[in-house]
Number of protein chains: 2
Amino acid sequence: MADSDDPKSLTIASRQQPASADRVPCKECPLIHCRGLSAPDEGQRAWIEAFKSSEARYVRGEQVLRQGVRATRLFTVLEGVLIRYRLLEDGRRQIVNFLFPGDLVGLQAAFEAELTHSVEAMTDVRLCVFPRDRFFDLAVSHPKLSFDLTWMAAREEAALEDHLVSLGQRNAQERLAYLAVFLVQRGAATGVSREGTLRLTVTQSQIADMLGLSLVHTNRSLQALRRLKLVDWTLSTISVHDMEAARSFAQMDGDPYIPRPYI
Amino acid sequence: MADSDDPKSLTIASRQQPASADRVPCKECPLIHCRGLSAPDEGQRAWIEAFKSSEARYVRGEQVLRQGVRATRLFTVLEGVLIRYRLLEDGRRQIVNFLFPGDLVGLQAAFEAELTHSVEAMTDVRLCVFPRDRFFDLAVSHPKLSFDLTWMAAREEAALEDHLVSLGQRNAQERLAYLAVFLVQRGAATGVSREGTLRLTVTQSQIADMLGLSLVHTNRSLQALRRLKLVDWTLSTISVHDMEAARSFAQMDGDPYIPRPYI
DNA sequence: CGGTCGCTTGAACGATTTCAACACATGTGG
DNA sequence: CCACATGTGTTGAAATCGTTCAAGCGACCG
């Protein structure tokens with residue numbers, strides 16, 4: 001495989017060929033019905049269909065993109081959840097964000113830049129694959145798509161801003177509450193889960209690496225939130241019993257439900 | 001002024017009308033000669049010229065955009081430095097990023113979203129003003145510009161990712177070293193300063209609010225870095241004596257000098 | 001001159017990390 | 001089947017990093 005996004009995982013998974021056998025036509029894109037996503041119209045979907053080169057699948061734990069390489073493809077999440085993280089040389093890891101259906105994966109690749117982060121599947125995932133080389137055609141041929149692309153980049157930037165505020169200003173319990181609410185709401189908006197609860201396997205070690213906390217302190221703070229009856233976060237399930245209480249505990253403002261465009 | 005980006009500052013500055021009297025033609029854009037910036041070609045500059053509605057000036061301390069409002073204009077930095085920050089309800093402040101010449105200000109405004117942050121001038125600044133309403137024309141009429149726009153959004157996202165890693169994984173001294181290097185290099189790339197030193201007035205309180213540290217601890221860590229002869233950061237000047245040493249102290253990787261497009 | 005701003009210092013306190021151990025479930029090879 | 005390793009969560013105790021409170025200093029300004 002000449003491609004640099006070799007899906008060999010550092011952690012768990014055994015090697016697995018992305019099976020691009022079946023392929024969902026964009027006209028029947030399952031994401032159309034997500035209330036958190038605003039679908040492109042039929043004409044756009046036809047055009048996207050032509051742009052899309054294939055579909056890829058990865059199992060939980062596999063790496064989709066690796067930090068430091070120049071990838072030749074970009075992706076869109078069709079199904080499943082992934083994380084995006086950066087490793088420092090001494091092994092410290094910062095999880096930068098979670099990726100849900102409709103999200104763009106590896107936008108940096110479009111600019112021929114070295115990736116500054118890796119991407120790993122948190123669940124089994126299906127991705128739409130787009131070739132980098134024809135990426136520039138997008139802007140030329142279909143301005144609305146290009147506009148949406150900028151929109152998506154801006155939206156991701158806003159999410160990172162939120163996380164930044166969290167790491168900079170909130171203490172451990174507030175960060176946890178914030179992240180729980182963030183994930184549950186993103187899950188609900190993208191059809192991964194129903195309101196208030198998200199079934200997703202996240203280890204405490206991953207939570208710690210997202211929030212810049214030690215594993216031990218993450219564990220204790222999680223217990224504290226459970227006692228407060230604000231958030232109950234287990235290995236397989238995140239539940240926020242009282243969304244409003246949790247939001248105000250974490251000092252979250254702003255509308256949770258702005259529908260996002262996707263490609 | 002019907003516009004919601006009223007430049008009345010919460011902090012210092014007295015009210016000042018943006019004087020759009022003189023206006024630099026884009027063909028003679030002073031940023032052309034910045035080695036850190038890759039200028040649009042002549043054709044593009046002509047088109048940008050038409051898109052640009054005016055120029056605005058703000059003095060140090062003035063607010064350019066205010067969190068929570070829907071702005072009708074977006075800006076580009078022609079000269080000077082600004083900060084972008086978010087306030088929490090209880091008064092905590094997180095500075096999200098610094099803005100240098102060539103940077104886009106208020107991209108969120110383009111999508112009719114409420115701004116999630118405020119923007120304030122750190123020095124006297126000159127901004128190019130673009131109307132939000134004609135923004136969509138950009139994508140339609142000139143794909144390359146639209147492409148650059150996405151590029152800029154992606155670049156800003158990458159910067160936030162860097163800051164996020166800093167807040168999540170680095171201790172106080174490392175964060176300070178990282179920020180100093182970041183600012184000095186951005187300054188050098190955009191012609192604000194010469195290599196190794198940046199003349200820019202930043203209070204320790206602002207540094208603290210950027211790095212998620214208390215004022216007192218910021219002060220002590222700054223002194224420690226001075227004793228280590230890594231970074232000497234005073235109210236008016238940031239100097240990094242040994243760039244390589246500072247970079248490795250802060251565990252920074254990746255190329256500092258990727259030329260950025262601007263508009 | 002009083003007042004504000006930015007910086008500095010000391011000391012006590014508290015949040016978070018680190019070290020170390022153990023419990024529990026799962027999977028694997030002998 | 002057991003023995004063993006591995007991944008995840010939990011707990012206790014000590015150490016460290018960072019915060020908070022409180023005070024003082026010099027510069028600048030009206």
Side-chain angles (χ1 to χ4, degrees), chain A residues 9-14 59-61 88 90-95 120 122 166-177 179 200-228 231-238 250, chain B residues 9-14 60-61 83 88 90-95 120 122 166-179 200-228 231-238 249-250:
Chain A
S9 171
L10 289 175
T11 53
I12 311 173
S14 56
V59 302
R60 168 173 169 84
L88 300 189
D90 62 1
R92 284 181 276 185
R93 171 177 70 166
Q94 176 65 42
I95 296 180
E120 178 181 318
M122 291 284 286
S166 218
L167 294 203
Q169 303 301 322
R170 300 196 244 257
N171 64 26
Q173 294 184 22
E174 291 170 334
R175 288 184 212 181
L176 283 166
L179 183 59
L200 177 67
T201 299
V202 188
T203 67
Q204 293 184 355
S205 174
Q206 289 168 327
I207 301 172
D209 282 348
M210 170 103 200
L211 298 180
L213 300 170
S214 72
L215 174 56
V216 173
H217 195 51
T218 299
N219 178 297
R220 292 191 170 115
S221 303
L222 233 27
Q223 293 178 48
L225 284 184
R226 203 168 293 140
R227 278 192 298 273
L228 290 174
V231 172
D232 192 337
W233 193 333
T234 68
L235 176 59
S236 62
T237 308
I238 310 169
Chain B
S9 173
L10 288 176
T11 53
I12 312 173
S14 57
R60 169 172 169 86
I83 52 174
L88 299 189
D90 62 2
R92 284 179 278 184
R93 172 177 69 165
Q94 176 65 41
I95 297 180
E120 179 182 317
M122 290 285 287
S166 219
L167 294 203
Q169 303 300 323
R170 301 197 243 256
N171 64 27
Q173 294 185 18
E174 291 170 335
R175 288 184 212 182
L176 283 165
Y178 162 79
L179 183 58
L200 177 68
T201 299
V202 188
T203 67
Q204 293 184 356
S205 174
Q206 289 169 327
I207 301 172
D209 282 348
M210 171 102 199
L211 299 181
L213 299 170
S214 72
L215 174 56
V216 173
H217 195 52
T218 298
N219 179 296
R220 291 189 170 118
S221 304
L222 233 28
Q223 295 178 46
L225 283 184
R226 202 169 292 139
R227 277 192 298 274
L228 290 174
V231 172
D232 192 338
W233 193 334
T234 69
L235 177 58
S236 63
T237 307
I238 310 169
F249 178 84

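Throughout, a chain's letter reflects where its sequence line sits, starting with A, and its residues are numbered from 1.
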Heavy atoms only: give me the nearest B/Trp233-B/Leu176 pair and the separation to one decimal.
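Nearest pair, atom of B/Trp233 first, then B/Leu176: CZ3-O, 4.0 Å.
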
Please give me the minimum heavy-atom distance between B/Ala250 and B/Tyr178, naming the atom from each residue.
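Heavy atoms only, the tightest pair is CB-N, 3.7 Å.
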
Let me have a per-nucleotide readout for nucleotides 9-21 of chain D, 5' to 3', with B, S or -, counting only protein heavy atoms under 4.0 Å.
SBBBB----BBBB

Just one of A/Glu174, A/Met210, A/Arg170 clears the side chain to side chain contact (heavy atoms under 4.5 Å, CB included) bar with A/Leu179, so which one?
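Testing each of A/Glu174, A/Met210, A/Arg170 against A/Leu179, the sole residue satisfying side chain to side chain contact (heavy atoms under 4.5 Å, CB included) is A/Met210.
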
Given 3.5 Å as the limit, does a donor-acceptor pair link the side chain of B/Arg175 with the main chain of B/Leu213, or not?
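Pair absent, no side-chain N/O of B/Arg175 close to backbone of B/Leu213.
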
Donor-acceptor contact below 3.5 Å, side chain A/Gln169 vs main chain B/Gly212
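Checking the backbone N and O of B/Gly212 against the side chain of A/Gln169, no donor-acceptor pair under 3.5 Å is found.
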
Given atom CH2 of B/Trp233 and atom P of C/dT8, what is their separation to the nearest angstrom?
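That distance rounds to 13 Å.
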
